[in-house]
Amino acid sequence: MEFKNFTNEDFDVFQIDGLEARMEGLKERIRPKLESLGHIFAPTLTTLTGDEMFVHVAKHARRTINPPKDTWAAFANNSRGYKMLPHFQIGLWNTHLFIWFAVIYEAPQKEEMAARFTKKLNKIHKEIPKDFVWSLDHTKSESVPHGQLKKEDLRGMFERLENVKKAELLCGYEIKRDDLIHLSVDDFLKQVEYVFTKVAPLYKIALNIK
């Protein structure tokens, strides 16, 4: 399945007023590209993690009033859902594209995962590239560069994941809109693969995969 890179018109979908009109724009312009990326990277993530990965492209089916501010394709080792599992995402806000490893608040094993992250604190702090970013809330576009975090900052994030019911933890990479639309398809796909290579160890730590 051939992938065509994202354009300014794709990002402009998030400026469309109204739920139905924006959903139509997402369905027409962005969802086919996310499905294409899912087809490309599910085998990559299967190889990197050792778990068979299934693609879940966001449908935003529960929305009745507010149009979505972002959209994504998620990869998880379950064909029926991903929110309760550690998973990976590729998606868009109107300002940038994100590539994540994610543990969000629906995951029932968050406490165990957080304890494993804390145990591997030194390894994670050392091996995540400085220009990668962390987020504590998948519904917000803000993030913090890894290079700005001390070990104790990371420890605090892991402890929050363990102790706060609604806590989340995401780690990955962002590509600004203007940078993305000028990337070649080949360079973009290589960047996504590189990011997944770097965050796949977090998945293995979360699930205690040797």
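These numbers come from the heavy atoms of this one structure, side chains and all, not from hydrogens, waters or symmetry mates. Nothing here was measured: the structure is a model prediction, and the numbers come from that model.
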By ring pair (Phe, Tyr, Trp, His ring centres under 6.0 Å) - contacts of F6 (at least two apart): F3
For F11, all residues meeting ring pair (Phe, Tyr, Trp, His ring centres under 6.0 Å), sequence neighbours excluded: none
Stepwise side chain to side chain contact (heavy atoms under 4.5 Å, CB included) test for E193 and L189: CA-CA 6 Å; E193 183 171 3; L189 296 179; over 6 Å; no
With heavy-atom distances below 4.5 Å as the criterion, would you say the side chains of [X] and [Y] are in contact?
X    : Y    : result
K4   : V185 : no
V13  : I16  : yes
F196 : I90  : yes
R160 : L136 : yes
S143 : E174 : yes
I99  : Q89  : no
H96  : D179 : no
F14  : I30  : yes

Is [X] linked to [Y] within one hydrophobic cluster, defined over Ile, Leu, Val, Met, Phe, Trp and Tyr using a side-chain heavy-atom separation of less than 4.5 Å?
X    : Y    : result
L48  : I40  : yes
V164 : Y105 : no
I104 : L45  : no
L37  : I175 : yes
F41  : L85  : no

Distance (rounded to the nearest 0.5 Å) between [X] [atom1] and [Y] [atom2]:
X    : Y    : atom1 : atom2 : value
L97  : Q191 : CG    : CD    : 10.0 Å
D10  : I181 : CG    : CD1   : 10.0 Å
D178 : T95  : CG    : OG1   : 10.5 Å
N8   : N94  : CG    : CG    : 11.0 Å
K110 : L161 : NZ    : CG    : 5.5 Å
E24  : L19  : CD    : CG    : 11.5 Å

[X] side chain to [Y] backbone, donor-acceptor under 3.5 Å:
X    : Y    : result
N163 : E159 : yes
T46  : M53  : yes
K59  : V57  : yes
D187 : S184 : no

Lys/Arg N to Asp/Glu carboxylate O, R155 vs E152, below 4.0 Å: yes
Please find the pair of heavy atoms, one from [X] and one from [Y], that lie closest to each other, and give the distance.
X    : Y    : value
F54  : N77  : CD1-C, 3.9 Å
V55  : G38  : CG2-O, 3.4 Å
A76  : G81  : CB-O, 4.0 Å
R177 : D12  : NH2-OD1, 2.6 Å
F132 : V199 : CE2-CG1, 4.0 Å
P201 : T197 : CD-O, 3.4 Å

Side chain to side chain contact (heavy atoms under 4.5 Å, CB included) between D70 and L92, intermediate numbers included: CA-CA 5 Å; D70 64 331; L92 298 178; over 6 Å; no
Modelled atom types, side-chain donor and acceptor of E168 and S135, under 3.5 Å: no
Between T139 and D137, a side-chain donor and acceptor under 3.5 Å: yes
Residues S36, E2; criterion side-chain hydrogen bond (donor to acceptor under 3.5 Å, both in side chains); working and verdict: CA-CA 7 Å; S36 179; E2 184 181 359; over 6 Å; no
Flag if over 12 foreign heavy atoms under 6.0 Å of NZ, K119: no
K151 vs N122, side-chain hydrogen bond (donor to acceptor under 3.5 Å, both in side chains): CA-CA, chis, key distance, verdict: CA-CA 7 Å; K151 287 182 185 178; N122 290 341; 3.1 Å; yes
With sequence neighbours excluded, residues passing salt bridge (charged side-chain N to carboxylate O under 4.0 Å, His left out) with K198: none
Residues that R31 engages under salt bridge (charged side-chain N to carboxylate O under 4.0 Å, His left out), provided they are two or more places apart: none
Ring centres under 6.0 angstrom apart (F88, F75): no
Intermediate values then yes/no, side chain to side chain contact (heavy atoms under 4.5 Å, CB included), Q109 and L207: CA-CA 9 Å; Q109 306 296 322; L207 294 181; over 6 Å; no
Hydrophobic cluster (4.5 angstrom, side-chain heavy atoms) - remaining members for W93: W72, Y82, F98, W100, V133, L170
Remaining members of the apolar cluster that contains M84, side-chain heavy atoms under 4.5 Å: none
Chi angles and distances behind the side-chain hydrogen bond (donor to acceptor under 3.5 Å, both in side chains) call for T71, H60: CA-CA 8 Å; T71 195; H60 308 287; 2.9 Å; yes
Residues D51, K204; criterion side chain to side chain contact (heavy atoms under 4.5 Å, CB included); working and verdict: CA-CA 10 Å; D51 282 345; K204 291 188 173 184; over 6 Å; no
Full working for ring-ring contact (aromatic ring centres under 6.0 Å, His included) between H56 and H87: CA-CA 10 Å; H56 305 268; H87 61 275; 8.9 Å; no
